[in-house]
Every structure is written in structure tokens, then in C-alpha cells.
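Notes for the one structure printed next.
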Amino acid sequence: MATTTNQIFIAVIGAGGVGKCFLSQLATLAARRPTPKLSLCYISSSKKAVFNADYSIGIENALQELASSSKQPLSLPQLADHLAAAPSKAIVVDNTSSQDVADAYPLFLSRGISIVTPNKKAFSGSYKLWQDIFTAAATAGSKVYHESSVGAGLPVISTLKDLVDTGDEVTKIEGVFSGTMSFLFNSFAPVEGSGGQWSAEVKKAKELGYTEPDPRDDLNGLDVARKLTILARLAGLPVESPTSFPVQSLIPKELETVSSGDEFLEKLPGFDSQMEETKAAAEKQGKVVRFVGSIDVASRSVKVGLEMFDKSHPIAALKGSDNIISFYTKRYGSNPLIIQGAGAGGDVTAMGVTSDLIKVLSQIA
Ligand SMILES: NC(=O)C1=CN([C@@H]2O[C@H](COP(=O)(O)OP(=O)(O)OC[C@H]3O[C@@H](n4cnc5c(N)ncnc54)[C@H](OP(=O)(O)O)[C@@H]3O)[C@@H](O)[C@H]2O)C=CC1
Ligand SMILES: N[C@@H](CC=O)C(=O)O
Ligand code: NA
């Protein structure tokens, strides 16, 4: 195939809640922007894949083709070879929560393949992986964007980068960083009183597409810890890992060893009284309980867990899956820069991924 500069090849790994919404947004983008021509050349789930010798898959039919495909996914080094041999530049869109895929970013980037992703694992894994990713990108001139790894499509990462790059000094970042936790506490312990059953709300959050593939990754606080690790690193703190600071888990002790997410959800109703007690303790003080995180840059302290809030506090008054993230900086003084809005859900997350893709296109095409 002849080399062409006005075409970009897109490989999509992961076609779940976010991946499906991303494909729909990609179809719109490809129709609206004739150049560079956006060609879907690979799509995979954990068990199946679609790809061919002419690097061309119809975006509209990709999901049906994937469902009926008999091909297995390429290994990650094979995929890097396949994309590096494409007739023009390629971008990997990682819509999984896979650590293995995240670990392969330095390989893709070093082969000139750019990456956009909502997957937190690469940027909140070991500090060495973080360094390898940005070193590989800088050396090869490839790009890596991950806006949806914090606050879904909300402009959290881009805002923090802008603050830092323009020389502001970030002193503190705090707020609600989980769409799942926000939804759970807003519906289980609303400021108006009453509220749903904890375990039933957890099931609802999963059905609405807010949770991680395994909802225990939200309830154990690690999802928020990953997000804070990413933000802390961008703010200049070389946090080693999401387990290197205090993180409160909401997994009942008795369920810590169950083997699957499904079994966990089945058994959770038996432990609803534990969360009811937490809620009642806050109510006794006229307050509500919420799951929050904070990074204090000066004292280098990061923490994640439950706190009680007055009912008039903006964190108490959140609705749905909303996140609220406050940036305290030297320039903004005592009135923080605040970002608020839906922090989970397929469409809003895919929006962050697609807008990252547009940013990469503007730099490599
Ligand atoms: N949902 C949300 O609101 C948000 C999600 N995110 C992040 O987006 C990512 C995707 O989330 P979501 O779409 O909700 O998750 P889903 O579980 O709905 O989808 C994950 C997809 O990834 C596939 N997958 C898993 N491992 C691999 C692998 N090794 N190779 C290829 N495909 C793989 C799964 O395949 P299979 O179907 O075969 O298992 C599935 O298609 C996660 O990293 C999540 O943290 C970020 C912000 C918000
Ligand atoms: N499970 C996460 C999804 C987005 O990062 C959340 O609930 O915030
Ligand atoms: Na974001």
C-alpha cells in the first residue's frame, strides 16, 4: 500500500461502555473532518479482534464485525508491529482498564504510535512506568493524552497542565473524584434525608456504566487513589503508587476475599447495616457523609476516604454522578478554580477521549 500523509489509522482496544460511545463519536468526527481521513484499522475486546491487510474497517459496522469475528486479538508487540507498518501514522485508543495494555504504552510510543485513553493504570502505576511513557513519547515525537483518566470528560487534566505550564503554583487539590461514589452517596444519603439501600445503589451504579469493570475497584477507594496519584504527579509530587498514602476502603471486611465481582454484589446486601451506621452517625450531627480526596502539595500529603459535610456544603449538594474538583493555587488565592459536572458515564467519558484524539490529530497530521 502506498504511503499517505493525509490519513491516520486508529486502533481501538476495548469496546465496552466507553469504547462503544467512542466509536459512535469517531463516526461523527470522521464524517465531519474529511482530512486527514480517519481509518479504523483495528478493534478488539479481550477475546476477539477485527483487522485486515488493507488497514480498513467500516466504523459503522465495526461492533457487529467484532461480535462475529473469529480472530483472536493480536499480542501487544504484534499490534505495535502491525501499526508501525501502516501506510501512515497510527493512534491507539485504549478503552480498557487493563494493566497489560498500559504497560505496553512505552513500546507503542517508541514506535511512533500515539495514545489516547481513559485508562488510569499507566499514569497511576509505578513511577518508573510514568517516566518511561513520557520519555518514549518525547524521544519518538509521539503523543499521549489521557484527559478522561480523571473526572471523565471534565477538563481536569488539561486545566492542571495549563496551571503548571503557565507558572502557577498549585498548593492543594480537593473534591469528589469518583462518579460512582458521588452517585452512591447522593442517592443513599441525600441532603433531603431518607435515600436508597446501599447495595441496591451499588448495583444501579454498575448498570448505569459508572463503575469500573469490577465495582470493588471503586468501593475499595483505589479508583480515587489512582486519580489523585495522576493529579499529584502532574502537580509535581513524585507519588510512588496509589497505595503509598492512606486510602479508606468501603469493602466490608467479611467480603475482602470473595473471588468475583458478581459474588461480591450478591453478598453485599447482607452488609448494608454497616453503611447505614455510617450514615446515621453523620445524621446525628446534622451532616451527610461523602467520599472525598485531597492533595496537599506543601505537606506532600494525599488522602482518600469518608468525611462529613454540612448539608449546605457544595460537596453535600452534588447530584447524580457529578464530580467537583477545586484547585487552590497561588494565582487563584483563597477562591479556588472549581470544575464540576458528570464524572462518569460512557458518553461523557468518550467525549474526553475523542477530544484528546482531536488534539493529537492537530499535532501529528
Ligand atoms: N465508565 C466510566 O464512566 C469511565 C471509565 N473510565 C475508564 O474507561 C475504561 C473503560 O471503562 P468501561 O468502558 O466502563 O469498561 P467496560 O468493562 O465496559 O469495557 C472494557 C472493555 O475492555 C475490554 N478489554 C479488557 N481487557 C482487554 C484487553 N487486554 N484487550 C482488549 N480488550 C480488553 C473488555 O473486553 P470484554 O468485553 O471481552 O471483557 C471490554 O470491551 C476503564 O479504564 C475505566 O477506568 C474512565 C472514566 C469514566
Ligand atoms: N469508576 C469511575 C469511572 C471514571 O473514572 C468513577 O466512578 O469515577
Ligand atoms: Na477529565
Side-chain angles (χ1 to χ4, degrees), residues 11-23 42-50 62-63 66-67 69 72-76 78-79 92-104 116-124 145-161 175-186 202 204-228 230-231 234 261 291 293 320-323 325 339-356:
V12 176
I13 311 180
V18 175
K20 288 190 174 86
C21 294
F22 169 75
L23 278 177
Y42 181 89
I43 180 163
S44 66
S45 64
S46 63
K47 296 188 185 67
K48 295 178 170 196
V50 181
L63 288 172
L66 181 61
S69 175
Q72 294 212 326
L74 294 172
S75 70
L76 294 162
Q78 282 171 336
L79 179 59
V92 164
V93 182
D94 171 18
N95 288 319
T96 75
S97 61
S98 159
Q99 184 68 55
D100 289 345
V101 178
D103 289 342
V116 299
T117 184
N119 184 352
K120 293 145 212 138
K121 299 274 168 67
F123 313 98
S124 60
Y145 280 83
H146 55 103
E147 180 57 78
S148 283
S149 63
V150 181
L154 297 176
V156 177
I157 302 245
S158 55
T159 300
L160 177 53
K161 278 188 182 164
V176 171
F177 297 86
S178 161
T180 297
M181 291 293 202
S182 185
F183 173 81
L184 290 177
F185 284 97
N186 299 340
V202 173
K204 259 189 235 164
K206 181 166 170 57
E207 282 156 21
L208 287 165
Y210 297 159
T211 66
E212 292 306 293
D214 184 335
R216 290 176 295 178
D217 289 338
D218 295 287
L219 294 177
N220 64 13
L222 258 188
D223 177 75
V224 174
R226 287 189 185 288
K227 290 165 178 163
L228 291 190
I230 296 170
L231 296 181
L234 289 171
F291 198 83
S321 70
D322 277 10
N323 286 183
I325 293 153
I339 296 172
Q340 180 176 345
D347 270 324
V348 293
T349 305
M351 181 275 273
V353 179
T354 310
S355 62
D356 277 351

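Atoms within a ligand are numbered from 1 in the order they appear, just like the ligands themselves. All heavy atoms count here, side chains included; hydrogens, waters and symmetry mates do not.
Side-chain contact check for V176 versus F291: every heavy-atom pair is 4.5 Å or farther apart. Taking 4.5 Å as the limit, every side-chain heavy atom of V101 sits out of range of all side-chain heavy atoms of T117.
Only the side chain of D218 comes within 4.0 Å of ligand 2, counting heavy atoms alone; its backbone N, CA, C and O stay farther away. Heavy atoms of K120 found under 4.0 angstrom from ligand 2 belong exclusively to the side chain. With a 4.0 Å heavy-atom cut-off, ligand 1 is reached by the backbone of P118 and by its side chain too. Contacts between T349 and ligand 2, counted as non-hydrogen atom pairs separated by less than 4.0 Å, are absent for every part of the residue.
Panel note: side chain E212, backbone D218; no donor-acceptor pair is recorded below 3.5 Å. Looking only at distances, no side-chain donor or acceptor of K121 sits under 3.5 Å from a matching main-chain atom of A102. Using modelled atom types, no side-chain atom of S45 and backbone atom of A15 make a donor-acceptor pair closer than 3.5 Å.
Listing protein N, O or S atoms at distances below 3.0 Å from the Na ion (ligand 3), with waters left out, gives E147 O, E147 OE2, V150 O, A152 O, L154 O.
Taking every non-hydrogen atom of S44 and a distance limit under 4.0 Å, the qualifying atoms of ligand 1 come out as 31 (C). Residue S148 has at least one heavy-atom neighbour below 4.0 Å for each of these atoms of ligand 1: 46 (C), 47 (C). Every atom of ligand 1 is numbered from 1 in the order shown, and the set under 4.0 Å from a heavy atom of E212 is 44 (C), 45 (O). The contact set between ligand 1 and G345, taken as ligand atoms under 4.0 Å from a residue heavy atom, comprises 2 (C), 3 (O).
Considering G16, S98, G19 only, the shortest heavy-atom separation from atom 29 (N) of ligand 1 involves S98. Atom 37 (O) of ligand 1 has its nearest heavy-atom neighbour, among S45, G179, P213, in S45. When the heavy-atom distances from atom 4 (C) of ligand 1 to V12, T349, D94 are ranked, the shortest goes to T349. When the heavy-atom distances from atom 23 (C) of ligand 1 to G14, A344, A152 are ranked, the shortest goes to G14. For the residues N95, N119, T96, the heavy atom positioned nearest atom 42 (C) of ligand 1 is part of T96. When the heavy-atom distances from atom 16 (P) of ligand 1 to G17, G209, A15 are ranked, the shortest goes to G17.
The nearest heavy-atom contact from the protein to atom 2 (C) of ligand 2 is E212 OE2, 3.2 Å. The protein atom (non-hydrogen) at minimum distance from atom 34 (C) of ligand 1 is S46 N, 4.3 Å. When only non-hydrogen protein atoms are considered, atom 4 (C) of ligand 2 lies nearest to K227 NZ, 3.6 Å. In this structure, the protein non-hydrogen atom closest to atom 11 (O) of ligand 1 is V18 CG2, 3.8 Å.
Ring planes of F183 and Y210: perpendicular class, angle over 60° (limits at 30 and 60°).
A heavy-atom separation below 4.0 Å is not found between P73 and ligand 1.
To the nearest 0.5 Å, atoms OG (S149) and CG (D356) are separated by 8.5 Å.
Checking only distances, G179 does come within under 3.5 Å of ligand 2, N or O to N or O.
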